[in-house]
Amino acid sequence: MLLRKMERYPLITSRSNPKIKFLESLRKSRERKKSNLFLVEGEREIERAGKLESLFYAEASPLVDDQEQKGVECIQITPYLLEKISLRSEPVGIGKMQKKSLDSLKGSFFVALVGVEKPGNVGAILRTCDGVGVDGVLLVDPLVDHYHPNTIRSSLAASLTLPVVLCSTDEAFAFLEERKISLFVTSPAAKTSYGDIKMEEPLMIAMGQEDKGLPDHWMKGTKISLPMKGICDSLNVSVATGIVLYEVLRQNGHRK
């Protein structure tokens, strides 16, 4: 259900309008996969999302003008309706999902997220990956996709600009072997702290679920630990990933 470009529509006031119902359906993974479209909320995120299919807004703004100039269908709705369909009462856009392959990845600094299940954590990690200049992210056997609205929001739309590939464990290991990439994994059982081992590129940092960690198959990588001095035995996965990634950045001379 794509909206025709540059056609003026009457002001939409009802949540039962077919276009609004379709927009809201994109919060579900099933509908995103079916339509190959995703939902993006917020001016900053929309500006980073690339070419959109459509934009829903309540008040005229430079953002709306810019999107119209790009040929995006901009549909005005009431402020009340925008408040109902947007978590932040900001413009909402619909974009087309871009599928990338492992062959398309370039560079020498990669992250694998294996079965990470919370969209907010995935988004926070992708935001950090953007910050340290990761060259590509593998979502391995994913339980959540990077087009989830919460992932986009928590990543500040880095999920839409980073090279992100969905793949299986077998495909990930084939990628490692083909590119001769060193694998580093975090483990409570590791005897070496993350700061006491040289992590030279090309490399991949793999992170798993907070409660289960990485599957056994991934433990063939070089194991590193994050010291825990208190009563807790682990960190939030996005925090742990951030610590390790910035150590990689430090060790590699900020990748100049």
Side-chain angles (χ1 to χ4, degrees), residues 24-34 37-42 44-45 48-49 85-88 90 92-93 95 97-100 110-132 134 136-169 171-172 183-188 194 204-219 221 224-226 228 230-248:
E24 292 193 288
S25 75
L26 295 178
R27 297 190 185 280
K28 298 179 180 179
S29 176
R30 179 182 67 254
E31 294 301 325
R32 291 195 296 273
K33 291 177 181 178
K34 179 180 177 181
L37 298 171
F38 69 93
L39 198 64
V40 56
E41 303 180 39
R44 175 172 50 189
E45 289 81 355
R48 295 173 178 173
I85 67 171
S86 170
L87 297 177
R88 295 179 292 177
E90 291 191 61
V92 181
M97 299 196 309
Q98 304 295 320
K99 295 181 180 179
K100 298 183 182 298
F110 302 98
V111 170
L113 303 182
V114 185
V116 178
E117 55 190 343
K118 295 182 180 179
N121 280 339
V122 173
I125 292 170
L126 293 176
R127 182 174 175 179
T128 301
C129 288
D130 175 77
V132 302
V134 164
V137 179
L138 283 61
L139 295 185
V140 184
D141 302 325
L143 299 177
V144 62
D145 67 84
H146 58 299
Y147 286 109
H148 191 291
N150 291 346
T151 301
I152 296 173
R153 183 168 56 254
S154 60
S155 73
L156 298 183
S159 60
L160 305 179
T161 58
L162 277 169
V164 179
V165 176
L166 279 63
C167 66
S168 67
T169 292
E171 289 170 330
L183 174 64
F184 293 86
V185 300
T186 56
S187 169
Y194 73 99
M204 177 183 290
I205 304 296
M207 305 296 292
Q209 296 179 4
E210 289 183 19
D211 57 342
K212 300 177 182 177
L214 285 161
D216 291 342
H217 190 58
W218 287 83
M219 289 296 106
I224 56 177
S225 67
L226 279 74
M228 301 295 297
I231 62 171
C232 298
D233 60 1
S234 66
L235 296 174
N236 172 276
V237 65
S238 65
V239 173
T241 305
I243 292 171
V244 177
L245 293 186
Y246 269 94
E247 176 61 17
V248 173

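- Put simply, the side chain of Arg48 never gets that close to the backbone of Thr161: no donor and acceptor are under 3.5 Å apart.
- Cys167 approaches Pro142 most closely through the heavy-atom pair O-CD, 4.0 Å.
- Residues meeting the salt bridge (Lys or Arg N to Asp or Glu O under 4.0 Å) test with Arg88, sequence neighbours left out: Glu45, Glu90.
- Remark: Pro188 pairs with no residue by the side-chain contact (heavy atoms from CB on, under 4.5 Å) rule, at least two apart or across chains.
- Across every non-hydrogen atom of Gly208 and Val116, the tightest pair is O-CG2, 3.8 Å.
- Here salt bridge (Lys or Arg N to Asp or Glu O under 4.0 Å) pairs that include residues 137-157, with residues two or more places apart or in two chains, are Arg32-Asp145.
- Remark: Ser168 engages Glu171 in a side-chain hydrogen bond (donor to acceptor under 3.5 Å, both in side chains) (not counting sequence neighbours).
- Residues Val134 and Phe110 approach most closely at CG1-CA, 4.2 Å, considering heavy atoms.
- Within the structure, salt bridge (Lys or Arg N to Asp or Glu O under 4.0 Å) pairs that include any residue of residues 114-126 do not occur (at least two apart or interchain).
- Partners of Glu31 by side-chain hydrogen bond (donor to acceptor under 3.5 Å, both in side chains), not counting sequence neighbours: none found.
- With sequence neighbours left out, the side-chain hydrogen bond (donor to acceptor under 3.5 Å, both in side chains) criterion links Gln209 to no other residue.
- Inter-residue side-chain proximity for Met219 and Ser187 is flagged as met; some heavy-atom pair is nearer than 4.5 Å.
- Scanning both residues, Val164 and Ser159, for their nearest heavy atoms gives CG2-O, 4.2 Å.
- Residues Val248 and Ile205 have side chains in contact (heavy-atom distance under 4.5 Å, counting atoms from C-beta outward).
- Glu24 places none of its side-chain heavy atoms less than 4.5 Å from the side chain of Leu39.
- Going from atom NE2 of His146 over to atom CG of Leu166 covers 6.0 Å, rounded to the nearest 0.5 Å.
- For the atom pair Ser25 OG and Lys34 NZ, the distance stands at 8.5 Å (nearest 0.5 Å).
- The main-chain N or O of Thr151 is found under 3.5 Å from a side-chain atom of Ser155 such that the two form a donor-acceptor pair.
- In this view, Ser86 and Glu41 satisfy the side-chain hydrogen bond (donor to acceptor under 3.5 Å, both in side chains) rule, not counting sequence neighbours.
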Contacts under 3.5 angstrom, residues 230-246 side chains, donor-acceptor by atom type, not counting sequence neighbours:
from, atom 1, to, atom 2, distance (Å)
Asn236, OD1, Ser238, N, 2.8
Asn236, OD1, Ser238, OG, 2.4
Asn236, OD1, Val239, N, 3.3
Asn236, ND2, Asn121, OD1, 3.1
Asn236, ND2, Glu210, OE2, 3.1
Thr241, OG1, Val237, O, 2.7

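- Contact between Leu143 and Gly115 at its shortest, heavy atoms only, is CD1-O, 3.5 Å.
- For the side-chain contact (heavy atoms from CB on, under 4.5 Å) test with Val137, the passing option among Leu126, Ile125, Val122 is Leu126; the others fail.
- Here CD1 of Ile152 is found 8.0 Å from OH of Tyr147. Values are rounded to the nearest 0.5 Å.
- Considering every non-hydrogen atom in both Val185 and Gly221, the closest pair reads CG2-O, 4.0 Å.
- Judged as a side-chain contact (heavy atoms from CB on, under 4.5 Å), and not counting sequence neighbours, the contacts of Lys100 are Ser104, Pro163, Val165.
- Here CZ of Phe38 is found 10.0 Å from CG of Leu26. Values are rounded to the nearest 0.5 Å.
- Using a 4.5 Å heavy-atom cutoff, the side chains of Leu214 and Met207 are not in contact.
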